Each structure stands twice: as structure tokens, then as C-alpha cells.
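Note sheet for the following structure.
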Amino acid sequence: MTWLITGGAGYIGAHVVSQAANSGLKTFVVDDLSTGISTRLKSEIELRKFSLQDTSSLQALFQEHDFEGVVHIAAKKRVGESVERPDYYWQENVVGYQNLLGVMAKHDVKNLVFSSSAAVYGEPNESSDSLISESTMCSPINPYGETKLECERLSEAFSGETGAKVISLRYFNVAGAGRPDLGDQYIFNLIPIVFDALDRGQQPQVFGNDYETIDGTCVRDYVHVQDLAKAHMDAMEHVVTAQPFYLPINIGTGYGASVAQVLAMISEVTGQKIDPIVAPRRQGDPASLVADVSRAAEILNWNSEQGLREIVSSAWDAWQLSHK
Ligand code: UDP
């Protein structure tokens, strides 16, 4: 049977679709192509272009297909933009998801994997060397994180009301590429921002070097998008056989890398000298965000396999392909 992947033409979605195809799983993609790119998908993957705001297209699709389950990845994900346009983010991320859940309920589709984010945690109070577990209090600090937390609440309610089996995967810092043509085309996160600066002959900026971390720069948990895609496969497999439940699961590596360490790795991989400019702290940046990944290991038998070197080198290969 077929799984519906919303946002399947996006950076993360296309990795999920590609891995599903490699493991013999049939997928059908819905994407409004606002940030997704249809050429990321092999020609045999069925793609329908519409927004989840369009309930009648959703209804029609579920009438035509008997979906085994849904992986809901489609969303707006730019933190800064969410601060400028909170209502738009609510409409796109929350209302779009409500539409999807309504149609799933009507058609009795009970297997669901939802793309959440470590943004639900906000700025955790824990000391900077402690890991973030799923029981860490959720307290988002921007509208993007608020929409993800609200969608998690909707997911839990959906499970309670319909008997659905639902996993929310809380992504930490996703980067890298499974294939060069599947790379992240946008310049919103640290690694592509640094590549872009190097291409322009500029030095990258480090937002703050006086945090209480190993070298003063912020620490994050960078997880390879290919490992993340595998976590989706494992979550899909798990929900199908499970009893009704709702569970958030962190997806990271359990290891942190500081901005300075990421820059050092980029310098090593690209062979370019990096002498960063120290800029003031960026508002709302916690010193350290590293996942406790024990639940993913316990429930999904999932562990990340790739490290920072593989992340940076695969991201660099993808960057060079798309910025030739
Ligand atoms: N960062 C930086 N310089 C940049 C972009 C990001 O020092 O030009 C830092 C940022 O402060 C954070 C880390 O890199 O500590 C990762 O930032 P990103 O925006 O990629 O992800 P976030 O963790 O904010 O979701």
C-alpha cells in the first residue's frame, strides 16, 4: 500500500521519498512546490501539486487512494520569517495540518508520522552540558516553534479521538545530503551560510563566542538528513504494527558540535582557510541544544550513523553541484 508524503519535494521530504523507494515502499507526494522542487523526485514518483489549505483537493485525493499512512513534512520553517508573519505561519502549518487530520479521520487513515522540531523546546533551562529529552519542558520562543508544538497537540488529540498511531519526530539540526542532487538549496542555516560566504570570498560570522560552552560558541546537534530519513522509515514501520498511541521522539545524534568545530570541519573539507568574524549573539540562541536520543534507540531501534565529517562533505558536494 501507498504512503502519502506531504512536502515530499522538499529537502527532507525528497530524502524520505528516495529512501522509501529504495526499500520498496510506494509513496505519493503532495507538495505545493512553494519551496519544494519537483525534479528532486524520480519520474516514477507520483506528485500532485496543491496546498493543504485546499481541502477539496485533499478530499479528492483520499477518495482516489487508499493510503496506508501519512508522513506529514509540508510546512513553513524559517524562524525569522515566522516572527514577521506569525498569522501566515499559523495558517500554513497549523490550519493546513488540521485540514489533513480532518480528511484522514474521515477516511479512517490511522498511521501518521509528523515532522516536528527541537524548536518546541525553546531555550531549555538546563545547564548547557545536559541533554534534551522528550520530557524536557516545551516552551517555544518563536511562532515557528509554537506552530510545531500546536501540531503536536493536535496529533495527540487525533490519536485520542480516532485511535490513530502517531509519532512526532523532533528534528535537531538537519544537514548534509544523501545525494548531491538532493541537497538543501536554501541559505538559511549555518553550513550553507558558510559555503555561501566562502563562495563570495567573505568570512563567515560567528554569533557570539562568550557562551558557557567548550569554546564559547553555541553547540548544536547536527544530524545527517540520510539518518533522519531512515528514522522516518523506522517510525512508519513502527506505527503500522502498534496499538493506538502518541509519542514525540527526538532525532539527533546525542553529540554536540560547536559553531567553531563546524567551521573547522568546513575548512578541512573545502580546503579553504576560515577566519571567522565574531558578531554579537543572535537573539534567542540557547548556548547548547543536544538531543537525548535514548527514546529513538529504544522505540525505533534507530541510531544515527553519520558524523559531522559526512554531513559537511555531503553538503559541500551538493552545494558545488547547485552553485556551479
Ligand atoms: N550561526 C552562526 N553564524 C551564522 C549562522 C548561524 O554563528 O551565520 C550559529 C547560530 O547562532 C547557532 C548555530 O550556528 O548557534 C546553528 O544555527 P542555525 O540557524 O543553522 O540553526 P538553529 O540551531 O538556530 O536552528
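Every number for a ligand or one of its atoms is a count from 1 in the order of the listing. This structure is a prediction, so every number in the text was calculated from the model and none was measured.
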Discussion item. Give the residues near ligand 1 by chain and number, with the criterion being a heavy-atom distance under 4.0 Å.
Written reply: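 Only N173, N189, L190, I193, Q205, V206, F207, C218, R220, Y222, V259, R282, D285 have heavy atoms that fall under 4.0 Å of ligand 1, ordered by chain and number.
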Let me check something: any side-chain donor-acceptor pairs from residues 294-302 under 3.5 Å, sequence neighbours excluded? List them with distances.
| residue | atom | partner | partner atom | Å |
| --- | --- | --- | --- | --- |
| S294 | OG | D292 | OD1 | 2.6 |
| R295 | NH1 | P248 | O | 2.6 |
| W302 | NE1 | D227 | O | 3.0 |

Check this for me, if you would: do [X] and [Y] make a salt bridge, where the nitrogen-to-carboxylate-oxygen distance has to be below 4.0 angstrom?
{"X": "D87", "Y": "R85", "value": "no"}
{"X": "E64", "Y": "R48", "value": "yes"}
{"X": "R200", "Y": "D196", "value": "yes"}

Worksheet item: Which heavy atom of C151 sits nearest a heavy atom of N93, and at what distance?
Response: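 Shortest heavy-atom contact: SG-O, 3.4 Å.
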Worksheet entry | Test side chain to side chain contact (heavy atoms under 4.5 Å, CB included) applied to Y222 and V312, V174, V262, V290, the passing residue |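 Result for side chain to side chain contact (heavy atoms under 4.5 Å, CB included) with Y222: V262.
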